[in-house]
Peer 1: 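I am attaching a structure below and will ask some questions about it afterwards.
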Amino acid sequence: VKIDGKDEVIRLIGINTPETVDPRRSVECFGREASDKAKEILTGKKVFLEADPTQADRDKYGRILRYVFLEDGTNFNKLMIMEGFAFEYTYYIPYKYQSEFKEAEKKAREAKKGLWADDACILATPTSQTNSTTFNQVKTNQCQYPCNGPDRDCSDFQTQKQAQDFFNCCGFSPTYDPMNLDKDKDGKACELLP
């Protein structure tokens, strides 16, 4: 956004979307769709920014932490969750709209909207042909459990390998872990399991 003639980057409080711009990672499942939707709604528009006294003013990257409201009063952060383009994200402490955002995610999951749809994410897996570089398309609903819910936790798995296989199959990552299986954000799910 432009504030008093200065360009500022906003980090939306209470939501996270699949990664699209991290140079260390490939584009994550539904990341492009989320990015495109945000651009469609926000590009060239006037918005109202709301700070939250429970959160810092800026994150560690210098981005301003805010809720974004459209001119018609719509909470953009919540809208992205409601439409399945983002999931609820609590950084450390509860924030002003946390219960609303959690309920919005629950409804989006139940309605299988956006990234919660059964066929939202297609993962590439190597074919079994020797010396082949071709890939088969595998839907995430062929993973051990449905990737879009119900929510799983580490107690649902007997071994770390089972948890990791599910984590990888669903396209989860340290920045996109809607079931919170990778608590320390290092890419390893349920590390305390045998």
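As the structure is a prediction and not an experimental result, all values here were calculated from the model. Heavy atoms only: backbone and side chains are in, while hydrogens, waters and symmetry mates are out.
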Peer 1: Gln55 and Ile93: side chain to side chain contact (heavy atoms under 4.5 Å, CB included), yes or no, with the steps?
Peer 2: CA-CA 8 Å; Gln55 308 295 304; Ile93 57 175; 3.7 Å; yes
Peer 1: Just jot down the ring-ring contact (aromatic ring centres under 6.0 Å, His included) partners of Phe166, sequence neighbours excluded, or say none.
Peer 2: Tyr145, Phe157, Phe172
Peer 1: With sequence neighbours excluded, tell me which residues meet side chain to side chain contact (heavy atoms under 4.5 Å, CB included) with Arg58.
Peer 2: Glu8, Ile64
Peer 1: Please tell me whether Phe48 and Val9 are part of a single hydrophobic cluster in this structure, the criterion being side-chain heavy atoms less than 4.5 Å apart.
Peer 2: no
Peer 1: Between atom CG of Leu65 and atom OH of Tyr91, what is the distance when rounded to the nearest 0.5 Å?
Peer 2: 9.0 Å
Peer 1: What pairs with Glu83 under side-chain hydrogen bond (donor to acceptor under 3.5 Å, both in side chains), at least two apart in sequence or on another chain?
Peer 2: none
Peer 1: Answer yes or no: does atom CG of Leu192 have more than 12 heavy-atom neighbours from other residues, nucleotides or ligands under 6.0 Å?
Peer 2: no
Peer 1: Between Lys37 and Glu40, does at least one N-O distance fall below 4.0 Å, as a salt bridge requires?
Peer 2: yes
Peer 1: Just so I know, are the side chains of Thr74 and Ile41 near enough to count as touching, which here means a heavy-atom distance under 4.5 Å?
Peer 2: no
Peer 1: Roughly how far apart are Leu115 CG and Tyr176 OH, rounded to 0.5 Å?
Peer 2: 4.5 Å
Peer 1: Could you report the tightest heavy-atom contact between Gly187 and Pro174, atom names first, then the distance?
Peer 2: N-CG, 3.5 Å
Peer 1: Within the 4.5 Å heavy-atom criterion, are Lys106 and Glu88 side-chain neighbours or not?
Peer 2: no
Peer 1: Can you sort out the partners of Thr54 under side-chain hydrogen bond (donor to acceptor under 3.5 Å, both in side chains), two or more places apart, ordered by chain and number?
Peer 2: Asp52
Peer 1: Verify the neighbour count for atom NZ of Lys45: are there more than 12 heavy atoms of other residues, nucleotides or ligands below 6.0 Å?
Peer 2: yes
Peer 1: Flag the pair Asn77 / Met82 as yes when at least one side-chain heavy-atom distance between them is below 4.5 Å, and no otherwise.
Peer 2: no
Peer 1: Sort and list the pairs that fulfil salt bridge (charged side-chain N to carboxylate O under 4.0 Å, His left out) and have at least one residue in residues 67-80, not counting sequence neighbours.
Peer 2: Lys78-Glu100
Peer 1: Could you report the tightest heavy-atom contact between Glu105 and Ile81, atom names first, then the distance?
Peer 2: N-CG2, 3.3 Å
Peer 1: Tell me if a side-chain donor or acceptor on Gln162 pairs with a main-chain N or O of Gln158 at a distance below 3.5 Å.
Peer 2: yes
Peer 1: Could you tell me if the side chain of Pro178 sits less than 4.5 Å from the side chain of Trp116, heavy atoms only?
Peer 2: yes
Peer 1: Taking salt bridge (charged side-chain N to carboxylate O under 4.0 Å, His left out) as the test, write out the residues that go with Lys60, two or more places apart.
Peer 2: none
Peer 1: Holding to side chain to side chain contact (heavy atoms under 4.5 Å, CB included), I want the full list of residues that pass it with Asp186, two or more places apart in sequence or in another chain.
Peer 2: Asp182, Asp184, Lys188, Glu191
Peer 1: Has Lys112 got a side-chain atom pairing as donor or acceptor with Arg109's backbone, closer than 3.5 angstrom?
Peer 2: no
Peer 1: Which residue pairs pass the salt bridge (charged side-chain N to carboxylate O under 4.0 Å, His left out) test when at least one of the two sits in residues 157-167, sequence neighbours left out?
Peer 2: Lys161-Asp165
Peer 1: Show, in sequence, the C-alpha distance, side-chain angles and deciding distance for Arg66 and Asp57, and conclude whether the salt bridge (charged side-chain N to carboxylate O under 4.0 Å, His left out) test is met.
Peer 2: CA-CA 8 Å; Arg66 296 291 187 271; Asp57 187 57; 2.9 Å; yes
Peer 1: Can you name the residues that form a ring-ring contact (aromatic ring centres under 6.0 Å, His included) with Phe69, not counting sequence neighbours?
Peer 2: none
Peer 1: Report yes if some heavy atom in the side chain of Phe85 is under 4.5 Å from a heavy atom in the side chain of Thr17; otherwise report no.
Peer 2: no
Peer 1: Under 6.0 Å between ring centres, would you say that holds for Phe101 and Phe87?
Peer 2: no
Peer 1: Excluding sequence neighbours, so at least two apart, what forms salt bridge (charged side-chain N to carboxylate O under 4.0 Å, His left out) with Lys96?
Peer 2: Glu50
Peer 1: Apply salt bridge (charged side-chain N to carboxylate O under 4.0 Å, His left out) to Asp7 and list each qualifying residue two or more places apart in sequence or on a separate chain.
Peer 2: Lys2
Peer 1: At their closest point, which heavy atom of Gln160 faces which heavy atom of Leu193, and how far apart are they?
Peer 2: N-CB, 3.5 Å
Peer 1: Quick one: pull up CZ in Phe167 and SG in Cys190 and give me the separation to the nearest 0.5 Å.
Peer 2: 9.0 Å
Peer 1: Can you confirm whether Met179 sits close enough to Cys170 that some side-chain heavy atom of one is under 4.5 Å from a side-chain heavy atom of the other?
Peer 2: no
Peer 1: Check whether any side-chain heavy atom of Tyr95 sits under 4.5 Å from a side-chain heavy atom of Thr90, and report yes or no.
Peer 2: yes
Peer 1: Return the set of residues passing side chain to side chain contact (heavy atoms under 4.5 Å, CB included) with Val47 (not counting sequence neighbours), or none when no residue passes.
Peer 2: Val1, Leu42, Leu49, Val68, Leu70
Peer 1: Any side-chain heavy atom of Arg11 within less than 4.5 Å of one from Asn16?
Peer 2: yes
